[in-house]
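In what follows, chains carry the letters A, B, and so on, assigned in the order in which the sequence lines appear, proteins first and then strands, with residues in each chain numbered from 1. Atom set for the values below is all heavy atoms of this structure, side chains included, hydrogens, waters and symmetry mates excluded.
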Amino acid sequence: MIETKDLSRVFVRRSGLLRRADVVRAVDGVNLSVAEGEVFGLVGRSGSGKTTLGLMLCGALAPSAGEVRASIPGRAVRSHMVFQDPRESLNPRLGVGEIVAEPLRIAGVSKAERAARAREALGKVGLEPDAAERYPFELSGGQRQRVAIARSMIGRPDLVVADEPTSMLDQTAAAEVLSLLASLGEEGKTAFVLITHDLAQAAGVCDRIGVMDEGQLVEIGRPESICLDPQTAASRALLEAARTREAPLPR
Amino acid sequence: MPDNGQPAPLLEVSDLTVVYGGAPRPAVEGADLVLERAGSLGLAGESGSGKSTLAHAVLGLLPATARRTGTVRFAGAELASGSAAYRTLRWKRMSVVLQDAMNAFNPVVTMGEQIAEIWTTHQRTGWREALEKAQGLVQRVGLESSAVDRFPFELSGGMRQRAAIAMAVALSPDLVVVDEPTSALDVLSANTVVDVINAAREETGAAFLVISHDISVIARTCARACVLREGRVVEEGETPKLLEAPEHEVTRRLILAIPRLPLAETGGAS
Amino acid sequence: MSRTGLVIVILFLATALASPWLAPYHPRDDTDTALVSPSTRHWLGTDDVGRDILSQVIAGTRVSLAVGFSAGAAATVLGVVVGLLAGYLGGWWDRILMRGVDFFLAVPRLPLLVVLAAYLGAGLEVIVVSFVLISWAFPARMIRAQVLVEKKRAYVTAAKLAGGGRAYILWKHVLPPLLPLVLVVSIMETSHAVMAEAGLSFLGLGDPTAISWGTVLHHAFAFPALFAGSAWLWWALPAGLCLTALLLGLGLIGMSIERKMDPRLKGGRLAR
């Protein structure tokens, strides 16, 4: 459904009196594909380019080189995103119902239908329907991410890019949001790209995982292959980190 | 309970209750905890469970509108809230790495100068000597010596966090409180920070109070742990025993919340 | 919101609206002998031509406020529109518009105001236009800075992904958080506009056919013996005090809004 060819994105910062250009290759020649309904994990350290790649996959950022080919027979691919910071991703002046229904409002859906579908969407992400009357500041981080997920899915998109959706939540809330994403991904109607720095998190949820290092996609495979037989230094480092973390804990 | 002849625990908190001005419920209720010299205690719990409030109460950092009851004893002496004793204790006998420490650096001053301020402020050391000490400290937490000339934004989050921990132990205090040391870091950086905490503890012999919503961080840094829920301590004990046989539902949730790698497939070639 | 400030401004607004009925005489009528001291027939006495000063001050309220408020509003609107366009559209728009802003910020405002008013001729419209020209740049810069922050919000990206157009996003997500700032700016510009009109009229560059506090002061100071007796007390002082009072009222309102803007962000509904 989505395919990238030699996708690259550079950022140029001009600094100093002589305006010397500082070129940062955030994404460098990436080739990957995401199938319909697939849950694809994009794993890498902070700064490895995952967020930039995610933005390009859903069309929110233009590439500097290469292309993103998105095709579904008959129409354009619809994408949406779930962002990392739960505080920033919802407009604090709007009610939850309005936030969730915004994609429908932009598409011209009637007010009554919007309200009904918003309540349905809130239920699907595990929130009470009367949460629609609340404001973001009344919700916890985990609840806000659920609202963001509801908003991203209400327009029935083909692809949702979740950019480190749990990095700013405590571990317990993170686990709940992750299992919500897992069950939504399992339904198979929407493809997900889960961006995370946590290999174990991706392994539990994704059909395939791509490992990123310094802007390049260095390894792709099924979670089991990457976790049991990593081929690159980056994957090994991520694996080692996850192993160290879970070592003292019981299974 | 200290026996006769045994030194008193470094930190003893009894029946601590904290209510923020205007709040309907206490942020911390009836908390008891004990930390021995050179010991390590973890405060685990979900966000909002009162862990940070408890630490702030111990450190005398509660806002003026908060009401605190119960006792806090540091090295046998009782510390009342807002007591002047805190000023003499701070940094030489107790120090803290606050939750947003890695973002609390002054962006227009180099790291070296900011670290050197510890000695120039608390020990009236001269600048040159202080800068040299800063250099040494920075290397001990695994950063390059050139880090002292860098500005905070030039270092990664993990590096800044390590620098903050180094600063907390610079004057060899008896107690170091670390609040959510890894919450904004990726797994690799988080592990490095855990190592730095352990190394700092070994080198300086300070007692550590580690607060984290991530039980694996506590598992790797603390010999004992307390689990908090809605301001109350619901479970506590030696960390390995707590992990092996958790009694409270919250403890179980915290343990299960850490993602696990897949096990090798049985019967399949890898 | 400052109650004192509101009361002051509302009082002046009411006076301006009701001025034809409040003024005891027609401001241009020579009703009496010249330079009569304050009495029951003329509360503020009469000027050098015998016109009632109180009526002039009351009538002047209308012009001073009308010019001040309209010039202030126009300068604010222009500044906000430019700031929005430059900030949101970016690229060439931003560069060109900002060069314009830089130019108008660099030029000394008061001299330019006087030169423009003198060159463009007499008339209240001239005052408004001159004021807007020298004033729009500062609000534009302030608004643009805020727009740059607001357009990067994650929820703006979300709206774009859902197909939201520029106008929708500006209206729904970018403009609302700017409103408190726009309000403060408009009050500031109104104050400046009132002062500008008073200043220009005082210098004789305003509309000679209009009556405003500035023109009252102009006539007063044009009289050579103003300070010889006590004439200045009831001729010049009242108009000056009205100006001061109005500016004070506006200033109090502006300050109270500014104060509300800040702590509100930390402790109120929009916190966290």
Write out all pairs satisfying ring pair (Phe, Tyr, Trp, His ring centres under 6.0 Å) with one or both partners inside residues 154-176 of chain C, taking only residues at least two apart or from two chains.
-> C/Tyr155-C/His173
Straight-line distance of A/Asp163 CG to C/Thr157 OG1, nearest 0.5 Å | 11.0 Å
Should we count CZ of C/Phe138 as having more than 12 external heavy atoms under 6.0 Å?
-> no
Heavy atoms from other residues, nucleotides or ligands near CZ of A/Arg25 exceed 12 (cutoff 6.0 Å) | no
Contacting region of A/Ser79 [heavy-atom separation from chain C under 4.5 Å] = backbone
Chain C contact via A/Arg78 - which portion, at a heavy-atom distance below 4.5 Å = neither
Report yes or no: does A/His80 contribute a side-chain atom to a donor-acceptor pair with the main-chain N or O of C/Leu161 at less than 3.5 Å?
-> no
Any side-chain heavy atom of C/Lys172 sitting closer than 4.5 Å to one from A/Asn91?
-> no
For chain C, which residues from residues 95-104 of chain A have at least one heavy atom closer than 4.5 Å to it?
-> A/Glu98, A/Glu102, A/Pro103
